[in-house]
Amino acid sequence: MALLEGTNLRKTYRMSRRTCVEALRGVDVSIAAGDMVAIMGPSGSGKSTLMHLLGLLHSPDQDDGPAPILRFDGADATTLSDRERTQIRARSMGFVFQSFNLVPSLTAEENVSLAAEYAGTSRAGARAAAKEALASVDLADRAGHRPMELSGGEQQRVAIARALVNEPTIVLGDEPTGNLDSARSAEVLGLLRTFNRERGQTVVLVTHDAEVGDSCDRIIRMRDGLIVGDERVAPMAEPVYADEPQPLPLHSPEPVVALGT
């Protein structure tokens, strides 16, 4: 079942009186519930703009073409008021960005609980939910630390906890591993994949990184404001480590007999 479905999505940004940029030029896209999707393409391809529309951060253009449709969980988001869109974002969507976007004066727990309070949770309930969310990303012991006291990987895990604190239906990430080294990137991707599989949360990631794409179920490829490819990704094989016992063959091989014996 489609959780997000867009038709005729267009977005033009006016840079000056004479200059416009067509970021999206009529995109049709469907995201299934429970899927983990990467949106990939070169800079300027429109992938971040598409994520911003799917995340109800911006609205598609309504003029100069067929009427756009953007449905989230069955409701046409193009007809919603700004207040209704804000409520959906707060309660049903979580966002993770490349630059973390944490409030520097607040602790990790306060950053996460703030998102819960925006969604209407009481202060006490928000603090309890924040503690649980931080524990789920293995940061319970860093709850009282401010962002500058955390590593980049830890800051991104706080951002993931903030995105997950309201148990959203969908998590959207714009280059969520862009500021991390390969080890921390793998850590963040592992967390997102765990929540996708264990909680059934839909995940949509905008990325330049082929390894991020390979970790997803599906890759949507964009160029010049259009979708130019849409492919399923083969499941990644589980790694095999040298110290793991290997299964015995079902049938023992025939003994090899040396000639001349």
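Contact check for Arg142 versus Leu134: no side-chain heavy atoms found under the 4.5 Å cut-off. Proximity of Phe72 to Ile88: side-chain heavy atoms (C-beta onward) are separated by under 4.5 Å at one or more points.
Residues Arg146 and Glu149 are not paired through a salt bridge, judged by the lack of any N-O separation under 4.0 Å between the basic side chain and the carboxylate. Ion pairing between a basic and an acidic side chain is recognised when a charged N comes within 4.0 Å of a carboxylate O; Asp230 and Arg221 show no such pairing. Contact check on Glu109 versus Arg127 returns a salt bridge, with a Lys/Arg side-chain nitrogen under 4.0 Å from an Asp/Glu carboxylate oxygen.
For Glu84, the CD atom counts as densely surrounded, since its 6.0 Å shell holds more than 12 non-hydrogen atoms of other residues, nucleotides or ligands. The environment of Arg223 atom CZ is sparse: at most 12 non-hydrogen atoms of other residues, nucleotides or ligands sit within 6.0 angstrom. Around the CZ atom of Arg232, the shell of radius 6.0 Å holds more than 12 heavy atoms that belong to other residues, nucleotides or ligands. Other residues, nucleotides and ligands place no more than 12 heavy atoms under 6.0 Å from the OH atom of Tyr118. Few gaps surround CG on Asp63; more than 12 heavy atoms of other groups in view lie less than 6.0 Å from it.
Defined by atom type and a distance below 3.5 Å, a donor-acceptor pair is present between the side-chain atoms of Arg85 and Ser59.
Asp174 places no side-chain N or O within 3.5 Å of a backbone atom of Met51 that could act as its donor or acceptor partner. Using modelled atom types, one side-chain atom of Lys47 and one backbone atom of Pro42 make a donor-acceptor pair closer than 3.5 Å. For Arg10 (side chain) and Pro66 (main-chain N/O), a donor-acceptor pair under 3.5 Å exists by modelled atom type. For Asp76 (side chain) and Thr78 (main-chain N/O), a donor-acceptor pair under 3.5 Å exists by modelled atom type. The closest donor-acceptor contact from the side chain of Arg157 to the backbone of Val137 lies under 3.5 Å. Counting only distance, with no hydrogens or angles, the side chain of Asn111 and the backbone of Thr107 share a donor-acceptor pair below 3.5 Å.
Legend: residues meeting side-chain hydrogen bond (donor to acceptor under 3.5 Å, both in side chains) with Gln62, ordered by chain and number and at least two apart, are absent.
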Candidate pair Arg89 and Thr86, rule side-chain hydrogen bond (donor to acceptor under 3.5 Å, both in side chains), full reasoning: CA-CA 5 Å; Arg89 288 198 305 270; Thr86 298; 3.2 Å; yes
Leu3/Asp73 under side chain to side chain contact (heavy atoms under 4.5 Å, CB included): CA gap, chis, key distance, verdict: CA-CA 5 Å; Leu3 175 66; Asp73 205 15; 4.2 Å; yes
Test log, rule side chain to side chain contact (heavy atoms under 4.5 Å, CB included), inputs Gln156 and Val96: CA-CA 8 Å; Gln156 194 60 298; Val96 184; 3.4 Å; yes
Check against side chain to side chain contact (heavy atoms under 4.5 Å, CB included), His145 and Glu154: CA-CA 10 Å; His145 289 68; Glu154 288 172 333; over 6 Å; no
Full working for side-chain hydrogen bond (donor to acceptor under 3.5 Å, both in side chains) between Gln201 and Asn196: CA-CA 5 Å; Gln201 288 168 314; Asn196 167 253; over 6 Å; no
Stepwise salt bridge (Lys or Arg N to Asp or Glu O under 4.0 Å) test for Arg25 and Glu22: CA-CA 6 Å; Arg25 299 193 291 130; Glu22 286 187 282; 5.2 Å; no
Working for side-chain hydrogen bond (donor to acceptor under 3.5 Å, both in side chains), residues Asp28 and Thr7: CA-CA 4 Å; Asp28 297 344; Thr7 305; 4.6 Å; no
Trace of the salt bridge (Lys or Arg N to Asp or Glu O under 4.0 Å) decision for Arg197 with Asp217: CA-CA 11 Å; Arg197 287 177 172 168; Asp217 303 316; 5.7 Å; no
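Note that CD of Gln155 and OG of Ser99 are 10.0 Å apart. Values are rounded to the nearest 0.5 Å. Note that the CG atom of Asp138 and the CD atom of Glu187 stand 8.0 Å from one another [nearest 0.5 Å]. Taking CD1 of Ile39 as the reference point, atom CD1 of Ile227 lies at 7.5 Å (rounded to 0.5 Å).
Annotation for Val27 and Gly225: closest pair CG2-O, 3.5 Å, computed over non-hydrogen atoms. The two atoms that bring Ser215 and Leu189 nearest to each other are OG-CD2, 3.8 Å, heavy atoms only. The minimum heavy-atom distance between Met40 and Asp209, with the atom names listed, is CE-O, 3.5 Å. The nearest pair of heavy atoms linking Gly153 to Leu180 is N-CD2, 3.8 Å. The nearest pair of heavy atoms linking Val158 to Ala108 is CG2-CB, 3.8 Å. Nearest heavy atom pair, residue Gly34 against residue Thr202, reads N-OG1, 2.8 Å.
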Which donor-acceptor pairs under 3.5 Å do side chains of residues 159-169 form with protein atoms, sequence neighbours excluded?
unit_1: Arg162; atom_1: NH1; unit_2: Asn101; atom_2: O; d: 2.7
unit_1: Arg162; atom_1: NH2; unit_2: Phe100; atom_2: O; d: 2.7
unit_1: Asn166; atom_1: ND2; unit_2: Ala90; atom_2: O; d: 3.1
unit_1: Asn166; atom_1: ND2; unit_2: Ala115; atom_2: O; d: 3.3

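Leu226 and Val29 fall into different hydrophobic clusters, where Ile, Leu, Val, Met, Phe, Trp and Tyr residues are linked whenever their side-chain heavy atoms come under 4.5 Å apart, directly or through other members.
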